[in-house]
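In what follows, every heavy atom counts, from backbone to side chain, and hydrogens, waters and symmetry copies are set aside. It should be emphasised that the depicted structure is a prediction, and the values quoted were computed from it without experimental measurement.
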Amino acid sequence: MKRLRAAILLVMAAVPATASPRHVPDLALVGSYGATENEAMILERDGALYLARGGAPAVRLIAAGTHRYRADTSIVIVARDGIVVDGRPFPRHDFGAETEATMRAAVRRDGAALRAAALAASPPAEPATRRTADLVALKGVVPHVRVDTRYATANNFTGQPIYERTGAYLQRPAAMALARVAARLASRGFGLVIYDGYRPWFATKLFWDVVPPDKHVFVADPAKGSRHNRGCAIDLGLYDLRSGKIVSMPSRYDEMSARAYPDFAGGTDAERAHRALLRAAMEREGFTVYEAEWWHFDYRDWADYPIGTISFTAIEQAKR
């Protein structure tokens, strides 16, 4: 993953800041091609399409006929399921979807046993923390917030519900900071959509057991506990306040591929601009983006709180 990230950064540095395209680019071509994530990629920058291969500097694609482009001395032909560069085929891949399909198959086969083992396990022992938990429901605090708790549904990378109910919670200082983020973004016409906040420890244990080792960068080690477990991590995106539509980003939420990295150079101008807007607003209020996920932000005081095991149902019952 570190080698892949270095290649992504090289691509970003190589693409010119400005371009003067003579036509509107076919954004449907933007994506990953080849057998590996680093083999070939088409991205958009300043209204033009670029081809990057193997971490080499990206070169602009110039239209040279129907379904045909020129990239410096190379000829790129758009095929049915990919592209052909100088006669060599590069199949199109959605690497995140392919990884997810593999994990969902494993959960369908062993899901009950994995869940039972996670629920029976105990979080790591740790010294007393500086603060006691004070989890706050974000719907009552954050303006214009929409809660889409993916892990309370089958619409997540496991394909099965993990939580017993929907909900989104953070420790009070983090929730107040997120409210300020939301107020600032609302002035720009955007609202926050929350995918996950506080996460009971058993879910972290389950995710670690489900996700293959080569993708562990996308999940927390249960032996250490996660910042989600401490109520100081949030997974979120943007939606347009006027239309209500979710704003596009360079990857889907919870996608386990290079597209998830916050410095991924691919995608489109609009997607990268949305990602940058979210990050800037979050960092201004004390949140830090996780190195492998554009949607994951940690609040600065996370180490002050204990690893949590309380369920969403118990949190709601405690409020009554």
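- R115 places a side-chain N or O within 3.5 Å of a backbone atom of I162 that can act as its donor or acceptor partner.
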- side chain to side chain contact (heavy atoms under 4.5 Å, CB included) evaluation trace for V219 with T204: CA-CA 7 Å; V219 291; T204 296; over 6 Å; no
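- Taking the charged nitrogens against the carboxylate oxygens, D81 and R92 have no contact shorter than 4.0 Å, which rules out a salt bridge.
- Side chain of H296 to main chain of A233: no donor-acceptor pair is present (N/O by atom type, distance under 3.5 Å, no hydrogens or angles).
- Distance check, rounded to the nearest 0.5 Å: CG of N229 to OG1 of T309 gives 9.5 Å.
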- Message: Assess the residue pair R150 and D148 against the criterion (salt bridge (charged side-chain N to carboxylate O under 4.0 Å, His left out)); give the C-alpha distance rounded to whole Å, side-chain angles, the decisive distance to 0.1 Å, and a yes or no.
- Response: CA-CA 6 Å; R150 294 293 180 87; D148 179 10; 2.9 Å; yes
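- The distance between the ring centers of F157 and F218 does not fall below 6.0 angstrom.
- If you chain together hydrophobic residues whose side chains sit under 4.5 Å apart, V210 and W208 fall into the same group.
- Contact between G237 and Y195 at its shortest, heavy atoms only, is N-CE1, 3.8 Å.
- Just one residue in the list L61, V76, L43 forms a side-chain contact (heavy atoms from CB on, under 4.5 Å) with L49, and that residue is L61.
- The pair R275-E271 does not meet the salt-bridge criterion, since no charged nitrogen lies less than 4.0 angstrom from a carboxylate oxygen.
- Ion pair R272/D263 not flagged as a salt bridge, since none of the NZ, NE, NH1 or NH2 atoms sits closer than 4.0 Å to an Asp/Glu carboxylate oxygen.
- Taking NE2 from H228 and CG from L170, the interatomic distance works out to 9.5 Å, rounded to the nearest 0.5 Å.
- Distance alone, capped at 3.5 Å, places no donor-acceptor pair between the H274 side chain and the V247 backbone.
- In summary, of the residues considered (D254, N156, D196), a side chain to side chain donor-acceptor pair (under 3.5 Å) with Y151 occurs for D254 alone.
- Both I246 and L185 are assigned to one and the same hydrophobic cluster, defined by single-linkage of ILVMFWY side chains at heavy-atom distances under 4.5 Å.
- Hydrophobic clustering (ILVMFWY, side-chain heavy atoms < 4.5 Å, transitive): V78 and L27 are in one cluster.
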Cut-off 3.5 Å, no hydrogens considered: what does the side-chain donor-acceptor table look like for residues 119-128, sequence neighbours left out?
{"unit_1": "E126", "atom_1": "OE1", "unit_2": "R230", "atom_2": "NH1", "d": "3.2"}
{"unit_1": "E126", "atom_1": "OE1", "unit_2": "R230", "atom_2": "NH2", "d": "3.1"}
{"unit_1": "E126", "atom_1": "OE2", "unit_2": "I307", "atom_2": "N", "d": "3.0"}

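- You'll find the side chain of L135 stays beyond 4.5 Å of the side chain of Y305, heavy atoms only.
- Between T158 and Q160, the side chains place no donor N or O within less than 3.5 Å of an acceptor N or O (distance only, hydrogens not considered).
- Looking only at distances, no side-chain donor or acceptor of R284 sits under 3.5 Å from a matching main-chain atom of R184.
- Considering only heavy atoms from C-beta on, V181 stays 4.5 Å or farther from E283 through its side chain.
- A salt bridge is defined here as a Lys NZ or Arg NE, NH1 or NH2 lying under 4.0 Å from an Asp or Glu carboxylate O, and E39 with R88 meets this definition.
- For the 3.5 Å distance criterion, the side chains of E164 and T313 qualify, holding a donor opposite an acceptor.
- Looking at Y239 and R146, their side chains come closer than 4.5 Å, going by heavy atoms from C-beta outward.
- Put simply, the side chain of Y33 does not reach to within 4.5 Å of the side chain of P91, judged on heavy atoms.
- Side-chain contact between P262 and E291 is absent, with no heavy atoms from C-beta onward closer than 4.5 Å.
- Atom-to-atom distance recorded for E293:CD and Y290:OH is 6.0 Å, nearest 0.5 angstrom.
- At least one side-chain heavy atom of F297 sits under 4.5 Å from a side-chain heavy atom of L278.
- The minimum heavy-atom distance between A35 and F95, with the atom names listed, is O-CE2, 3.7 Å.
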- Check the pair R172 / D134 against salt bridge (charged side-chain N to carboxylate O under 4.0 Å, His left out), numbers first and verdict last. CA-CA 6 Å; R172 189 172 298 275; D134 183 16; 2.7 Å; yes
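- When all heavy atoms are compared, the tightest approach of V142 to A182 is CG1-CB, 3.4 Å.
- Residues G55 and N38 come closest through the heavy atom pair N-OD1, 3.5 Å.
- Partner of R227 under the salt bridge (charged side-chain N to carboxylate O under 4.0 Å, His left out) criterion, out of D304, D298, D301: D298 alone.
- Looking only at distances, no side-chain donor or acceptor of H144 sits under 3.5 Å from a matching main-chain atom of A186.
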- Query: Does the side chain to side chain contact (heavy atoms under 4.5 Å, CB included) test come out yes or no for E37 and H93, once each step is laid out?
  - Reply: CA-CA 8 Å; E37 291 189 73; H93 281 277; over 6 Å; no
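- Rounding to the nearest 0.5 Å places CZ of R131 at 13.5 Å from CH2 of W302.
- In this structure, Y50 contributes its side chain and P57 its backbone to no donor-acceptor pair below 3.5 Å.
- Between the side chain of D110 and the main chain of A113, no donor-acceptor pair closer than 3.5 Å is present.
- Heavy atoms from other residues, nucleotides or ligands lying under 6.0 Å from CZ of R68 number 12 at most.
- Closest approach of G266 to P250, counting heavy atoms only: O-CB, 4.5 Å.
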- Item | Step-by-step side chain to side chain contact (heavy atoms under 4.5 Å, CB included) determination, V136 to L138 | CA-CA 6 Å; V136 174; L138 298 182; 5.6 Å; no
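- Side-chain contact between S226 and F207: absent, with no pair of heavy atoms (C-beta onward) separated by less than 4.5 Å.
- Between Y169 and I315, the shortest heavy-atom contact is CE2-CG2, 3.7 Å.
- Classified by interplanar angle (parallel below 30°, tilted 30° to 60°, perpendicular above 60°), the ring pair Y299/F287 is tilted.
- Grouping the Ile, Leu, Val, Met, Phe, Trp and Tyr side chains by contacts below 4.5 angstrom, directly or via other members, places L277 with Y253.
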- Applying salt bridge (charged side-chain N to carboxylate O under 4.0 Å, His left out), run through R199 and D235 and close with a yes or a no. CA-CA 11 Å; R199 179 182 300 164; D235 292 350; 3.6 Å; yes
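- Of the possible polar contacts, one joining the T102 side chain to the E98 backbone as a donor-acceptor pair under 3.5 Å is found.
- Side-chain contact check for L178 versus M282: some heavy-atom pair is nearer than 4.5 Å.
- With hydrogens and angles ignored, the 3.5 Å screen pairs a side-chain donor or acceptor of E44 with a backbone N or O of G47.
- I310 and L206 fall within a single hydrophobic cluster, where Ile, Leu, Val, Met, Phe, Trp and Tyr side chains are chained together by heavy-atom contacts under 4.5 Å.
- In this structure a side-chain-to-backbone donor-acceptor pair under 3.5 Å is present from T149 to G167.
- Expressed to the nearest 0.5 Å, how far CG of L236 lies from CH2 of W295 amounts to 11.5 Å.
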- What do the steps show when you test L238 against M249 for side chain to side chain contact (heavy atoms under 4.5 Å, CB included), and what is the final call? CA-CA 9 Å; L238 299 173; M249 296 288 187; 4.0 Å; yes
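- Rounding to the nearest 0.5 Å gives a distance of 8.5 Å between CG of L192 and CD1 of I234.
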